[in-house]
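Note sheet for the following structure.
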There are 2 protein chains.
Amino acid sequence: MKKNKAETEQTVQNLINIARHHFTAYGYANASLEEIVKEAGLTRGALYHHFKNKKGLFLAVFEAVQEEVGGYVEAAAAQSKDSWDQLVNGCQAFLEGAVESHNQRILLIDGPAVLGWDTFRKMDEKYSMNSLKEQLQSMQEQNLIKPLSVEAMTHCLSGSMNEAVLWIANHLDRKTDVIKEAMTVLRHLLEGLREEQNT
Amino acid sequence: MKKNKAETEQTVQNLINIARHHFTAYGYANASLEEIVKEAGLTRGALYHHFKNKKGLFLAVFEAVQEEVGGYVEAAAAQSKDSWDQLVNGCQAFLEGAVESHNQRILLIDGPAVLGWDTFRKMDEKYSMNSLKEQLQSMQEQNLIKPLSVEAMTHCLSGSMNEAVLWIANHLDRKTDVIKEAMTVLRHLLEGLREEQNT
DNA sequence: TTAACATACGTACAGTATGTATGTAAATAT
DNA sequence: ATATTTACATACATACTGTACGTATGTTAA
């Protein structure tokens, strides 16, 4: 029998979830649409009805992962009232969230290559990067960090964390320790941006 | 007529150079081997004689670019006797070299996606990342930077610079200014690692 | 000098993947 | 109740990589 609106949405979500598994497991290039739809009990016709093409499917997966990790970050930051703590907590949440279930492959490896860096960056700014930027902006206005280019700081810090995630992901055996090391370095790096207080 | 050793080497180098152009212009996935060999006046048979597969060709290109940029970095660092200056100069040289002629697409976008992050990291460590790590190690032994995990610092800084490169590459219209901004932030971040002198 | 072998290709084809055009039955709108 | 849109399936066109195989030319050693 045929599907109604709600069931259709369910079908789409199911496709995205299955695709997510395939993309994380095999990487974008080696993930086969045929395999994905087979697992969903459909054919490629269905997939091309819901998504423009393979890249479109990947984009949907990418956004889902971004949103998920972004949620962690926001939640972690919201747990503190102190701006500096918010920043640090957000960073740690990002490290942990991005490492989780090989999200980093979608977020950091295939993301830029498949979407192109500019598209990737726009997406990234919409989600995780934006909160970092706003936090830095706000802290700068509070005179908590030095009056440097917020844009530049955001990119440098974001880059640090992205690479840290990939590094951590390759040492999952001692994950907590490596996260700790990374966070220590990050905190020290951030100290370099802290404005000397002269009340 | 048949080719001798030297001519063969020339053919291989030519293929690498042409492939490099195609990879930077179209990206790995959209670069066609057929087009590459056509431009070289050969067929795919020749290519598969010299390289294992498309990935093998990309690896050769990747190594060539790495070596090139690595050369810039070493040269820039060697221009100073002061460890701190060496580090900063090396960083700047990396930013400039990696941005040059869209090298960033091969080095930072397709590199990890095509080779896989672990292979990519091994290559990167062999070339550019290694000099950074050794510099940090040496500076730590001189008590110039804090006794944090050199590994962690290397990854965070390397990540910063990689992302900075991509950012710069997307603002080529005001390239020098953006590089300046990035370097300013980088210098401040590095300050966070500097050991307070207590002689 | 010539026989044995390696090298450097070219050619043809197989396999696999994406993407597109078209058909169709069910669901929804009118 | 009928028309139209939706949600797929099917079949096919296209493009690309990779591989098997053939061949002509260099190279080396007997």
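Note on naming: letters A, B, ... go to the chains in the order of the sequence lines (proteins, then strands), and numbering restarts at 1 for each one.
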Quick one: salt bridge (charged side-chain N to carboxylate O under 4.0 Å, His left out) pairs with a partner in residues 89-98 of chain A, sequence neighbours left out?
none
List in chain and number order the residues that pass side-chain contact (heavy atoms from CB on, under 4.5 Å) with B:E35, two or more places apart in sequence or in another chain; answer none if no residue qualifies.
B:H22, B:S32, B:K38
Tell me: CG of B:L15 to C1' of C:dA8, nearest whole Å?
12 Å
Residues in side-chain contact (heavy atoms from CB on, under 4.5 Å) contact with A:E67, at least two apart in sequence or another chain:
A:Y127
B:T119: what forms a side-chain hydrogen bond (donor to acceptor under 3.5 Å, both in side chains) with it, not counting sequence neighbours?
none
For B:L47 and D:dT17, give me the distance from atom CG to atom C1', rounded to whole Å.
11 Å
Distance in angstrom units between B:H50 NE2 and C:dT7 P, rounded
12 Å
Do A:R44 side-chain and C:dG19 base share a donor-acceptor contact under 3.5 Å?
yes
Listed nucleotide nearest any side-chain atom of B:Y48, set D:dG18, C:dT20, D:dT6:
D:dG18
Heavy atoms within less than 4.0 Å of DNA chain D: which residues of residues 22-38 of chain A have one? Give them sorted by number.
none
Salt bridge (charged side-chain N to carboxylate O under 4.0 Å, His left out) filter on B:E125, not counting sequence neighbours, yields none
Looking at A:H49, does any N or O in its side chain come under 4.0 Å of the phosphate oxygens OP1/OP2 on D:dC8?
no
Let me have the donor-acceptor pairs involving side chains of residues 147-158 of chain B, under 3.5 Å, with sequence neighbours excluded, atom names and distances please.
unit_1	atom_1	unit_2	atom_2	d
B:S149	OG	A:E181	OE1	2.9
B:S149	OG	B:E151	N	3.4
B:S149	OG	B:A152	N	3.0
B:E151	OE1	B:K133	NZ	3.0
B:T154	OG1	B:V150	O	2.6
B:H155	ND1	A:E163	OE2	2.8
B:H155	NE2	A:W167	NE1	3.4

So if I take residues 52-61 of chain A and measure heavy-atom distances to DNA chain C, which residues fall below 4.0 Å?
A:N53, A:K54
Could you give me the CA-CA distance, side-chain angles and deciding distance for B:R121 and B:D118, then say whether salt bridge (Lys or Arg N to Asp or Glu O under 4.0 Å) is met?
CA-CA 5 Å; B:R121 192 35 82 211; B:D118 45 346; over 6 Å; no
Throw together a table of side-chain donor-acceptor distances under 3.5 angstrom for residues 183-194 of chain A, partners on residues two or more places apart or in other chains.
unit_1	atom_1	unit_2	atom_2	d
A:T184	OG1	A:K180	O	2.8
A:E191	OE1	A:R194	NE	3.0
A:E191	OE2	A:R194	NE	3.4
A:E191	OE2	A:R194	NH2	3.0

